[in-house]
There are 2 protein chains.
Amino acid sequence: MSNFEAFFDYIQEISGKLLSEDDKQLLMAHFKAKKLRKRQYFLQEGDVCKYIGFIVKGSARTFTTDEKGHENVLKLSVENWWLADFESFYLLTPSRFNIEALENLEVLQSTNAQIEEFLKHIPAFSAMANVISQNYTISTQKRMQAAFSYTAEERYQDLISNYPHFLKRFPQNMIASYLGLSPETLSRIRKNFFK
Amino acid sequence: MSNFEAFFDYIQEISGKLLSEDDKQLLMAHFKAKKLRKRQYFLQEGDVCKYIGFIVKGSARTFTTDEKGHENVLKLSVENWWLADFESFYLLTPSRFNIEALENLEVLQSTNAQIEEFLKHIPAFSAMANVISQNYTISTQKRMQAAFSYTAEERYQDLISNYPHFLKRFPQNMIASYLGLSPETLSRIRKNFFK
DNA sequence: AAGTACGCTTGATTTAAGTCAACTCATTGT
DNA sequence: ACAATGAGTTGACTTAAATCAAGCGTACTT
């Protein structure tokens, strides 16, 4: 299963620990491959986020809609990232978010109860969880700062230097929304920028 | 040590596990009480965040300054919260943040290396860390959403409903900065709001 | 191949929030 | 006690970004 190979490599690389054959068997037994076509939803607003998904291939966006129907992209995700609304996933409350495939998407997914088991029994998995949690803490700290203290143009520059591949991969209006901008404003920023 | 009693209670309550006498001894041996007077700094921009602090009494703000000398409050913290720049604390890089006491402050502090030991040897402590990490993930997810998709007034209302005690406790210009607003704008929002 | 829808750009206008400035009131310090 | 500092308010003005609107080009669809 080449799907799982990539997944195992990821866990071992992030955690700095090796997975035993038993570990791998356990993971394979309880992570299910799931394919979504472009535009399909991994999670819909109002549903409980029962699954967490690891992206093997493809990309997705996490977004909300306000009362005016205006969409707001909070996260753009690609290979080797996790998909979930963590609030809903941990607390089993209805989600306020939608997660939609932006390209054909292959994920490996599992449930909260299963994740608890992995954390308990697979050292590499729980080491990975700690590292991810650290990274997440760091990156949200940065993103919060950017959101509040940077101008639109600075946020765009920030994106270019941190995630240059996003520019190729996602339509400009998604990028705009991710940066908290209207598509028109991003278009103008780019116009000024390339001079 | 009444300081430690409150700390132990907190750990046990959050984690849902009990601390043994040995656990308590270990914690007491390696968390050091530290007092800061109002306006003193727990962490200064450019320094490495060597300590993580648990607030026993008092309050603090985490902020950055931009090139124009404009201060930007990212976090307001009170009793039973943790103080640190996690990026700097985990990676030992110079911090971009300042953490300043807003009231006389009593913290229990420890180092990264010691925290690793606690996580390894004190089940209640590592359970607590997991819960905190979950809560943090959830709350930053919410805060990101608020930052991008709420208006200034909605963010203020949100603060009122989530942290009503902040209004009593922190000066209005700190609240304004925390919400990403100028003090004037917050003043006007409040004026409209009370009608 | 034609038609439609959608993404991107550009221009004109509006709006929310920031900035600058003056004033009041409360707190602090000597 | 009195000056001084600083927080909060209010008003006038500016600015950054949103909104509204029109037009262009590309790519799905049938």
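A note on names: the letters A, B, ... follow the listed sequences, proteins ahead of strands, and every chain is numbered from 1.
- When the nucleotides C:dA17, C:dC8, D:dT19 are ranked by their closest atom to the side chain of A:S182, D:dT19 comes out on top.
- Interface remark: the B:R188 side chain does form a donor-acceptor pair with the D:dG11 base, using a distance-only criterion of under 3.5 Å.
- Look at B:R169 and B:E79 and you find a salt bridge, because one of the NZ, NE, NH1 or NH2 atoms lies within 4.0 Å of a carboxylate O, short of that distance.
- Where A:I189 and B:Q172 each meet DNA chain D at their nearest nucleotide, the meeting point lying more 5' is that of B:Q172.
- Computed from coordinates, the B:Y156 OH to C:dA17 P distance equals 15 Å when rounded to whole Å.
- For the pair A:N72 CG and D:dA18 P, the computed distance is 11 Å after rounding to whole Å.
- Atom P of nucleotide D:dA18 and atom CG of A:N173 are separated by 14 Å, given to the nearest angstrom.
- In this structure, B:R61 satisfies the cation-pi test against B:F63, with its NZ or CZ atom closer than 6.0 Å to the six-membered ring centre and inside 45 degrees of the ring normal.
- Here the P atom of nucleotide D:dT29 and the CZ atom of A:R39 are 11 Å apart, to the nearest Å.
- Between B:F54 and B:Y10, the distance from one ring center to the other falls under 6.0 angstrom.
- Between the CZ atom of B:F148 and the P atom of D:dA17 there is a distance of 13 Å, given to the nearest Å.
- For the pair A:L102 CG and C:dG7 P, the computed distance is 11 Å after rounding to whole Å.
- Using a 4.0 Å heavy-atom criterion, one finds that A:L181 contacts the sugar-phosphate atoms exclusively.
- The distance from atom NE2 of A:H70 to atom P of D:dA17 is 15 Å, rounded to the nearest whole Å.
- The A:P171 side chain lies nearest to C:dC8 when the options are C:dA17, C:dC8, D:dG11.
- Distances were taken from every side-chain heavy atom of B:E184 (C-beta onward) to each of D:dG11, C:dC8, D:dA18; the shortest belongs to D:dG11.
- No side-chain donor from either of A:T93 and A:S88 sits under 3.5 Å from a side-chain acceptor of the other.
- Rounded to whole Å, the distance from CE on A:M174 to P on C:dC6 is 12 Å.
- Listed nucleotides C:dT10, C:dA17, D:dT19 differ in distance to B:T185; the shortest reach to its side chain belongs to C:dA17.
- Taking the nucleotide of DNA chain C with the nearest heavy atom to each of A:P183 and B:G180, the more 5' of the two is matched to A:P183.
- Each of B:K38 and B:Y150 was matched to the nucleotide of DNA chain C holding its nearest heavy atom; the match closer to the 5' end belongs to B:Y150.
- Using a 3.5 Å distance cut-off with no hydrogens or angles, the side chains of A:E45 and A:T65 do pair a donor with an acceptor.
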